[in-house]
Protein chains: 2
Amino acid sequence: MRVKRDDAAYRCYFGSDPAVVLKLEAFTSLSKDNRAALSSISRNIRYVDARRDLISEGDKPRFVHLVLDGWACRYKTLPDGKRQIVSLFVPGDFCDLNVYILRHMDHSIGAITRLKVAMITPDEMGSLTAERPRVTQALWWHELVTVAIQREWTLNLGQRSAYERLAHLLTELYLRLDAVRRARDGRCDFPLTQNDLADATGLTSVHVNRTLQELRRDALIELERKQLHIRDLKRMMDVAMFNPNYLHLDHEGRHLNANS
Amino acid sequence: MRVKRDDAAYRCYFGSDPAVVLKLEAFTSLSKDNRAALSSISRNIRYVDARRDLISEGDKPRFVHLVLDGWACRYKTLPDGKRQIVSLFVPGDFCDLNVYILRHMDHSIGAITRLKVAMITPDEMGSLTAERPRVTQALWWHELVTVAIQREWTLNLGQRSAYERLAHLLTELYLRLDAVRRARDGRCDFPLTQNDLADATGLTSVHVNRTLQELRRDALIELERKQLHIRDLKRMMDVAMFNPNYLHLDHEGRHLNANS
DNA sequence: CGTCTGGTTGATACGACTCAAATTTGGTGG
DNA sequence: CCACCAAATTTGAGTCGTATCAACCAGACG
């Protein structure tokens, strides 16, 4: 008998929690009940092909999206054709809590890889938060961390050199993947092209290429075939001036821990 | 007899609401009752001298801050001494809804001018939102706009030239001040030094200086004695590739309008 | 096998930085 | 009211990091 891997019951029973739960538990641990509620909210599933938009600038937002598998990015384009990736989503990330308050999207969300997302209705979100204060707290934490990351990107673009900037971005993504158990021993999937990296760091792809070579030469990373290996995380954080406090991954809500 | 809310004569006669109310009413108009609740939440007042911190990185956040008067900035510093202003606050802006969920501030908030802020306790916020769903909606809108601005800054730093970047920042601030009636006929107070502008745009103050001169030479702005005059807003938005949709100032919540 | 996307290399150009000094402005006290 | 000082702005000369443009190469795919 085969059991489908993304069956919520399966996950709850056999232990491998979905990425959201892992992510939110970096803030506070959750009761079995709350974990189940979070898992079962992901019933309305949609797949998006790599390089297609999940939602585009100008669209009316109808759902909260939750990334179950794959990577996505939020991007904005300028009339002169320039494009900036303003954030990246990895499994366990909500795209936009409460977006549906707004009339129109002011940016697009595109799939980097083939993407599996849950589409959650305002009503579902409403009843989740109404019934589960602890989950609500955790979602607030998620929101605050998301903005904190956005601010760190602002700092990254404004003050760090190309070399530091790339080192910082790679480190951040590694740590975020690690938090949802998608990284190990300094290694993780890394589906971004050098072009994506360029759009995310405000550099050209040519310069990204040369700078990655420098990082490799300095024995900080290996990066090929969509696999990233951070060879020396400590030194990497050093050169990137990486201060992990903005990720707030340190179980800051542990005083709320569930009696579970 | 009904009077339109944004009729200047009405305001002159009846006196004007505090900046928060003006700001939130860019989203949805509020009942007298809700307006009063918002005004009266600002009872615990604190003054901060220009160039002093309101709260510093590492501090435990205890209050939600609301800027009543003056300008402030959120900034982050790097171990090598570089500093990035990641956001600016003008009257009517909340500094951080819900921050107190986090253990430590990952950035500092500093006063640009002498500052008058309301310090709101978590409890006060809680009862405000518990009793007033419409205000809660408006606060959510405030939050979403704040993040949208942060994303636009990311785009600004990543893709716009110095000239476009400064034009964009000046335009944004002008429009934000306009929304709380602190601007008129293209003119507004503008207390930022060229150094502040440099820290906010990721440029050096020398280059900011030269670029401002260009903007003046092109008859786009006047800027002296802490007064900004945008001489041609339309052309300014053009050169800055300024798309105002991210500010969501267009009464997007008008379907919720109070007693209207 | 041809095509396409992503990665790599080289030569050259330019926008923004650095450093250093001069000038103006605004505030303060005599 | 003026003299003084610190902060902010302005100017100049020289340099550097990153962009631009144009090829070329490798692997994936149909």
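Naming convention: chains lettered A, B, ... in sequence-line order (proteins, then strands); numbering from 1 in each chain. These figures come from a predicted structure and were not determined experimentally.
- Closest to the Val206(A) side chain, of the nucleotides dG7(C), dG10(C), dT18(C), is dG10(C).
- Side-chain N/O atoms of Thr154(A) and Gln84(B) include no donor and acceptor closer than 3.5 Å.
- The phosphate of dG6(C) has neither OP1 nor OP2 within less than 4.0 Å of any side-chain N or O from Asn195(A).
- Surrounding CZ of Arg62(B) are at most 12 heavy atoms belonging to other residues, nucleotides or ligands under 6.0 Å away.
- Which of dA16(C), dA19(D), dG12(D) sits closest to the side chain of His207(A) comes down to dA19(D).
- Note: CG (Leu212(B)) to P (dA16(C)) measures 13 Å, nearest angstrom.
- Thr204(A) comes within contact range of at least one nucleobase, with a heavy-atom separation under 4.0 Å.
- The nearest whole Å value for the distance from the CG atom in Leu192(A) to the C1' atom in dT5(C) is 16 Å.
- Judged purely by atom type and a 3.5 angstrom limit, Lys116(B) has no side-chain atom pairing as donor or acceptor with the backbone of Val48(B).
- Between Leu223(A) atom CG and dG6(C) atom P there is a gap of 14 Å when expressed in whole angstrom units.
- As a whole-Å value, the separation of Gln159(A) CD from dT18(D) P is 13 Å.
- Which of dT18(D), dA16(C), dT8(C) sits closest to the side chain of Ser161(B) comes down to dA16(C).
- The side chain of Gln213(A) places an N or O atom within less than 4.0 Å of a non-bridging phosphate oxygen (OP1 or OP2) of dT9(C).
- Within the 4.0 angstrom heavy-atom criterion, no nucleotide atom of any strand lies near Ser205(B).
- Looking at the side chain of Arg225(B), the nearest of the listed nucleotides dA19(D), dG26(C), dG6(C) is dG26(C).
- Between Leu203(B) atom CG and dT9(D) atom C1' the separation is 16 Å, expressed in whole Å.
- When heavy atoms are screened at a 4.0 angstrom cut-off, Arg160(B) is found touching no nucleic acid atom at all.
- You won't find any donor-acceptor pair under 3.5 Å spanning the side chain of Arg210(A) and the base of dG7(C), going by distance alone.
- Between Gln194(B) atom CD and dT11(D) atom C1' the separation is 12 Å, expressed in whole Å.
- Distance Asp199(A) CG to dG7(C) P: 12 Å, rounded to the nearest Å.
- Arg160(A) contributes a side-chain N or O that, together with a main-chain N or O of Met241(A), makes up a donor-acceptor pair within less than 3.5 Å.
- A straight line from CD of Glu224(A) to P of dG27(D) spans 11 Å, rounded to a whole angstrom.
- Asp93(A) places a side-chain N or O within donor-acceptor distance of the main-chain N or O of Val90(A), the cut-off being under 3.5 Å.
- An OP1 or OP2 oxygen of dG7(C) is reached within less than 4.0 angstrom by no side-chain nitrogen or oxygen of Asn209(A).
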